[in-house]
Amino acid sequence: MALLERITGPRDLRDLTNDQLVTLAQEIRASLIANVSRTGGHLGPNLGAVELTIALHRVFDSPRDPLIFDTGHQSYVHKMLTGRQHRFDTLRKPGGLSGYPSRAESEHDWVESSHASSALSWAEGMAKGFALKGEPRTVVAIVGDGSLTGGMTWEALNNIAVEPDLRLVIVVNDNGRSYNPTIGGLATRLHGLGQQLSAIRTDRRYERALARIKRWVNRTPVVGEPAYDLMHGFKAGVKDVLAPQGMYSDLGIKYLGPIDGHDLKSLELAFEQAKQFDGGPVIVHAITQKGRGFAAAEQHEEDRFHAVGPIDQVTGEPLTTSSARTWTQAFGDELARIGATDDRVVAITAAMLHPTGLTRFAKHFPERTFDVGIAEQHAVASAAGLARAGLHPVVAIYATFLNRAFDQLLMDVALHGEGVTFVLDRAGITGPDGASHHGMWDLALLGLVPGLRLAVPRDEQRLQEALQACVRIDDGPSAIRFSKDPLPAALRPVRHEDGLDVLVEHGDPRVLVVGWGQFATMAVEVGNRLAQQGIGVRVVDPVWALPTPKALIAQAGAHDLVLTIEDGGLAGGLGSRLAQECRLAGVRADVREFGIPQRFIDHGTRAGILDDLCLTAQQLARLATETVLAGDPEPAPDQADQRG
Ligand SMILES: Cc1ncc(C[n+]2csc(CCOP(=O)(O)OP(=O)(O)O)c2C)c(N)n1
Ligand SMILES: CC(=O)[C@@H](O)[C@H](O)COP(=O)(O)O
Ligand SMILES: [Mg+2]
């Protein structure tokens, strides 16, 4: 790692020779494989961005010229070239290197959100800002072909197209894939034609013809030049005919490419041209290969090692083969079973077919499975259309990405009373992907939606029952949420009362403990610990969390103290909704909510973060006991947040 070791910042790249740059790229790939195979992370995307990022940092002057990485999962090489190469053994670990850009880590980092398709908007705004301030800085947005399928990208392009003075370079990092091959007319046209043209341009016959003409031109005065221009025009013509620049040049945006995204010289030439171009924004279209340089990744059909856990750095085989069944698997299996008996059921994904558990349904019902690209807003409004057409769409999406489509949930699905089911995976604290990935917003958002019915299952049986019920709800939205944790063991109720599952009853219950979903198990432990203290306690799991069950409101009023435990943000969460509904119903209840404090929470492990937030059975039991036995003591620091 001689060269990579010596890089303290982008300026150290400027003096390297071509051979040294090739060696540096090799060292970076080796470092990515060695480190990410141990820590886990986005190995495939970063292996595909090695030469691209080296060339960017040689041509542009970061941080004066900001480099904005869309989604940010492909910024490891950028981090290595900006002095952080030694910290990759801490990648995505508590207190370690973030897997996304981080302003706390470096002045070279700008946008931290991992939500795709926002980089062009960021870049357009920054470029406008620098122009207004008279700062001659060039803003560079690096956007993947998958992120190009997000609507925000086209909102930004629509504006960029009428701003001819912007110093803005858009680098399309086109590897033809999100997780799966990228879908949609725009992306496939871009990638497919780009590859065709790339093939022509790299075809030896084409290059030999150009070289012969160039030699002839040099020997042929007068007519030679027009002839060469003609050929050059043909070359441009080929681009016009095949390359997707029509999409962009029609917008008035200069298009350069497609270029080989692994050829350092071509990249630098194109970036230099883009940088010097004074006619406004420029798009540089680079054709790259996800997973490049690591055979196991290059050959990985599912997603080219988009996001891996610890793997063997030679074979790519997973080192931690967890046999634990996941919520995602349980959902995917049940949906496939339902799909076999109910042909109204269709499935929708926003470019995350496998991660959201739809692989099995898609295999059996390909014509009833829709991958809309990274386009959650379209996914939800399209689902409203599918429902109106008499089908029952199931939108499978990570909880944090529902934020993107809240208006469509509210005003397209709920306002019209369309039967659409939302299955929210990765609900609650997720861990290594950091603040923009924790599923801590959905409970508050869902609580705002009139008519929405939400189930928060605690085990596989409740999940199956909830999904079977949801696909029969055809007069409005229904939703199910579950966490990233493995599926917990079955947790049967001691009895069922007014729609509530009673999980623990001890003595004359003064305290009611309510646990939803994964946290029902924790609620049982809290209840048992209170019982051991001789405190009368009842633990219930409503399963159906929204609208707040009337039986739960009644139960809350029948106890001296109500403790609620949820894997979601406290502001507007289920506990606060219960307290509010009790007030609205004129029921006096002393509700104490425990959950995720309403602040951005850094990356770490799920278990470690929950422990830091005092969201463990032991800590909650201690808190509950203190709360019950001694009035209202100071709650734990992180649980104090919600009390202001
Ligand atoms: C709004 C949103 N939806 C879904 C995701 C999940 N996601 C992360 S990366 C990715 C694929 C990105 O593909 P692309 O932009 O082509 O980048 P590549 O990984 O190919 O370099 C997806 C769907 C996300 N980060 N943001
Ligand atoms: C960058 C992105 O949004 C996804 O790749 C995410 O990192 C996947 O998270 P999981 O590993 O929880 O599926
Ligand atoms: Mg891609």
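Indexing begins at 1, ligand by ligand and atom by atom, following the structure's order. Just so it is clear, the model here is predicted, and its values are computed rather than measured.
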Is any N or O atom of [X], backbone or side chain, closer than 3.5 Å to an N or O atom of ligand 1?
| X | value |
| --- | --- |
| H115 | no |
| E376 | yes |
| S147 | yes |
| Y179 | no |

Would you tell me whether H73 and Y100 have side-chain atoms, one donor and one acceptor, within less than 3.5 Å of each other?
->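 Y100 and H73 do not have a side-chain donor-acceptor pair below 3.5 Å.
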Out of the N/O/S atoms in D145, what is the name of the one closest to the Mg ion (ligand 3)?
->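 Result: OD1.
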Taking the Mg ion (ligand 3) as the vertex, how big is the angle to OD1 in N175 and O in R177, rounded to 10°?
->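 Taking the Mg ion (ligand 3) as the apex, I get 90° for this pair.
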Can you tell me which residue and heavy atom of the protein come closest to [atom], and the distance to 0.1 Å?
| atom | result |
| --- | --- |
| atom 7 (O) of ligand 2 | D433 OD1, 2.9 Å |
| atom 11 (O) of ligand 2 | K484 NZ, 3.6 Å |
| atom 1 (C) of ligand 2 | Y100 OH, 3.1 Å |

Look at atom 4 (C) of ligand 2 and find which of Y398, Y179, F401 reaches it with the closest heavy atom.
->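 Closest candidate by heavy-atom distance is Y179.
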Using heavy atoms and a threshold below 4.0 Å, how should the contact between H42 and ligand 1 be classified: side chain, backbone, both, or neither?
->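 Neither; nothing of H42 gets under 4.0 Å from ligand 1.
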Do any of the N, O or S atoms of G146 sit under 2.8 Å from the Mg ion (ligand 3)?
->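 No, outside the cut-off.
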Short N/O/S contact of N173 with the Mg ion (ligand 3) (below 2.8 Å) =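 For N173, the answer is no, given that no N, O or S atom comes within less than 2.8 Å of the Mg ion (ligand 3).
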Is ligand 1 less than 4.0 angstrom away from at least one heavy atom of K290?
->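 In this structure, K290 qualifies as a contact of ligand 1 - some heavy atom is under 4.0 Å.
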Does I374 come within less than 4.0 angstrom of ligand 1, counting non-hydrogen atoms of the residue?
->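 Per 4.0 Å heavy-atom rule, I374 contacts ligand 1.
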